[in-house]
Structures are given as C-alpha cells and as structure tokens.
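Every chain is numbered from 1, with letters handed out A, B, ... down the list of sequences.
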Amino acid sequence: MATLDRPARDRSLPTFITLVVLAFLMMTVDVRVANQGLGGAIRSGALGLLAPLQNLAASVIDPVADLGDTLTGLATLRSENLALRQEVARLQAELAGSADAAARLAVLEQLDNLTLLDAETAQVAANVIGRPDPFGASFIIDKGSDEGVSLGHPVVDPFGYVVGKIIETSPSHSTAVPITQDREALTVLVDGQVGTLSSRFGSELMDLEVFDATEPLNAGDLVVTSSVSITFPQGLPVGEVVDDAELEGTLLSASVRLFTNPDALRVVVVITWPPEPGTVTTTTATTTSQPVTTTTSG
Amino acid sequence: MRSFRPGLIALLLALVGLVIQATLFRRFDWLTPDLVVLVVCVAALTLIPTIELVLGFLAGVLVDVSIASSVLGLRSFTYTVVAYLAIRSKESAESGFLAVGVWVAVLTLISVVVLLVVGITFGQSSELGTQITRRLLQVPLSNLVFGALLAIPITRLLQRSRGPM
C-alpha cells in the first residue's frame, strides 16, 4: 500500500503535543464543570444530530438482524415454548396464592392512607437505538424532553427492574447510564436495612454496604430502592445478594447481582419521577372509600 | 483544499463507523470492533501526518460528545496517541492485508490500555464498562478482522478522494 505523503517538513511531533495538551485541558475543564455549561450544550447538540442517524440505521438494521435471530433461534423455540408453558402454569398458581396477600395489602394501604404514584401516567416506554461505545454501557433511547423525559429520571426495564438514569436529553432523544456505570451510589433497602449500592470496576456485580447493620444477609435477599433515595422511587427491585454476608461490627458488605442486564436491553421504561409539582396524577387511598384520583396542586 | 479532502472523508468514515458500531454491533456480544479507531489507524497509511493527527483528535471529540457519560477529551487524547503511533509505525502495515490487520489490532490494544489508564486517572473507572477484561481482548481481535477486510477499500477511497496528483 503506497503512501501519498508529501516530502514536506515533518510537523507531526509539535502537532501531536499541541493536540495532547488540548485534550488534557478539555478533560480537566470537563471534570471541573461536571458536564455543565458549554460541554453540556455541545453534548446535547451532538445527541440531537447523532441520534436521528442512529435511529435511521437501527430502523434498517434491526429488522434484518431480528430475522437472522429468528432463523437461528428456530431450533430452540420448541423447548423454550415447553419451558414457558411450565413457567406460565407456575406463575398462575403463584398469582392465585397471592390474591389473599393483595387483598390484605389493599386494607393496609387504606389504613395508612397511602399516596402512590400513578404508574400509568408516570412512565414513558422507549426503544434503545444506540450504544456508541464498545466499552461503556450507556445507551441512547428514542424519547426525549418532548415526551417529558428529563435529566435524572429513573430508567427501568419492561419488568420494572432498575436499569439506571437519564444523563442527557435532547427534544427527541436521551442518553441513559446504567447503575453499574454510575459514579453515584444508589440508596437501597435490603432485609429492612438501608444501604448504599455502588458500581464495581470491571464487574457486573455491585458492592452493597450497610453501615448501621443489625442483621446478617443471606444469599438471595432482595435489594430494592429505598424511600431515602433521591434518585429512584421506593420499592423498585434492583437485584439480589449473591452470597451470605456476616456482620463486621455494624458494617455489612455484600455483592449484588442485578436482575436486569443493561447490555441486552432493547426496550426500557423511563419513570418521570420525581413528579413536577401540580402536573402528576396521584392515586390516594382513604380509609372511607375506594381509591380516588386527584391532582396535586402547587 | 485538496489535501484536506481525504481528511474530511476519513472523518465522515469515522462518523459512519460510530453509527454502525452503535447500532449493528450493539447486538453482538462477541463481536465488538472499535470502528473509529480502525478508521484512524488505516487513514494514517494515506493522510499527511498533521491531518492524520487532527483526524484522530476530532474523531475522539466525536465519540466523546456521543457518549454523554464520558469525560470530554478522553477519546480525543486516546485517538491522538493512536494516530501518532500509527504515523510512526505505518511501515509495519505495508506488507499485505494480514499485516494491516495485526497492526490495527496492536494499535487498538494500545488505545484500550491508554483509555483505561487515562480514564482511571480522571475518575472514569466506573464508566469503562463492566466487562473490561473481556473487551481488552475482544475489541483488538474484532479490529484485526475488520482491519484486514477494510484497510484496502478505505485506503483506496482516501487516495481517490485526493484526485490526480
């Protein structure tokens, strides 16, 4: 392969040093301003330009790739179908068993006069249309501020398991980062104890730490978002404890495996939470009547 | 202006590479090329060194702004280093398409290591993915294959875009 370089004076080293210094300056400034100001505006503009291209490419590629997946998956469909039938039977039995628990919960909610978010009006379903980095797991979705998606809104998968949060929005698209790659820890509740869940470098597992622990944890213990969390509504399932964890004084450390795999998501749900004052419908249970729908004011 | 045209086309190819890897290759867990690095490496075979360096820098900016969670300048730094190394070592790639593939794979591995080291230095460790060990091998190997396949077409395209000398 012949090169076409001109026999001119080689200025590559000074150019290289200049660009490296410029890149370092950009990194330093961006870290200091934490994605505010010009950096944030550039990113938002770039998302607005790149996302439609990715949307277009996805609309061409996805149907072809889906067809390929279907053809390659035909051999396993029968056994999967059988397994799913068994799973449906098991879930139906479980559902029948939980009817009594649901009735009891309704009574308890009435007793406590609870105010719950109306899930139907506070969710935006979105397609995952792009994942620009082969290393990172942040992804672009096809819903943006025009549909009510804002910075910091929680993202869950179609089963309601916690995925991450929105970190960038444009009118028609947004970027989400999974909690496995979030620099901020998540406040969670496990076995009645409040702890923090933080990402672990290079791992799909996350680190759980409970500082005022009173009870040890067992493998399989459910981890849900806490009411103390300012990022997620309470009670969303996050994952489960991997191994038994013993108390070390009042400290408890454990590994947690997420219920969802952020790398494999095709569709997500953005929860428009916390609600804008006066705009979100809530369902209020009272002690004297059926649940009624009201609108918060101011 | 004529000397800038191949650089602009290479930047356009990097953009196309970014869109393809964000859409098509997100579906495959086992095939994860970094097409932007690939374009930056292969363009070094054709472009004037200063333009190649600017291409590396701008391609990095492109990836940085498209990944909202990444610190601005991280990929710019990484791809500029890759572009410089590509300029200094391009003779290694001139003995055939397999040699290009290996050369691209080695430069990709260097880019991953630089990204890792600088990323950790700037507090980006949590944003470098959950399968970094696997990706350390997967991305260079994927780029080996795609480098061997795409190096000649990309080189010819960039040479042709320069027009008659």
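More than 12 heavy-atom neighbours from other residues, nucleotides or ligands sit within 6.0 angstrom of CG on A:Leu25.
Closest approach of A:Ala23 to B:Gly73, counting heavy atoms only: CB-O, 3.8 Å. Of all heavy-atom pairs between B:Leu72 and A:Asp30, the closest is N-OD2, 2.7 Å. Scanning both residues, A:Thr15 and B:Thr50, for their nearest heavy atoms gives OG1-CG2, 3.4 Å. Contact between A:Leu19 and B:Phe57 at its shortest, heavy atoms only, is O-CE1, 3.6 Å. Taking all atoms of both residues into account, the shortest heavy-atom contact from B:Val61 to A:Met26 is CG2-CE, 4.0 Å.
Annotation: side chain of A:Arg11 is not in contact with side chain of B:Pro49 (no heavy-atom distance under 4.5 Å). Looking at heavy atoms from C-beta onward, B:Thr121 lies out of side-chain contact with A:Met27 at the 4.5 angstrom threshold. Residues A:Ser12 and B:Leu53 are in side-chain contact: their nearest non-hydrogen atoms beyond the backbone lie under 4.5 Å apart.
In this pair, A:Phe16 and B:Tyr84 present their aromatic rings parallel. The plane angle is below 30°, not in the 30 to 60° band.
With a threshold of 4.5 angstrom between heavy atoms, B:Val81 approaches chain A through its backbone and through its side chain. Proximity to chain A (any heavy atom under 4.5 Å) is shown, for B:Arg156, by neither the backbone nor the side chain. For A:Thr18, no part lies under 4.5 angstrom from a heavy atom of chain B. For A:Val21, no part sits under 4.5 Å from any heavy atom of chain B, backbone or side chain.
For the set A:Leu205, A:Leu56, A:Leu22, the count of heavy-atom pairs under 4.5 angstrom toward chain B peaks at A:Leu22. Taking B:Val118, B:Leu35, B:Ile87, B:Val19 one by one and counting their heavy-atom pairs under 4.5 Å with chain A, the maximum is reached by B:Val19.
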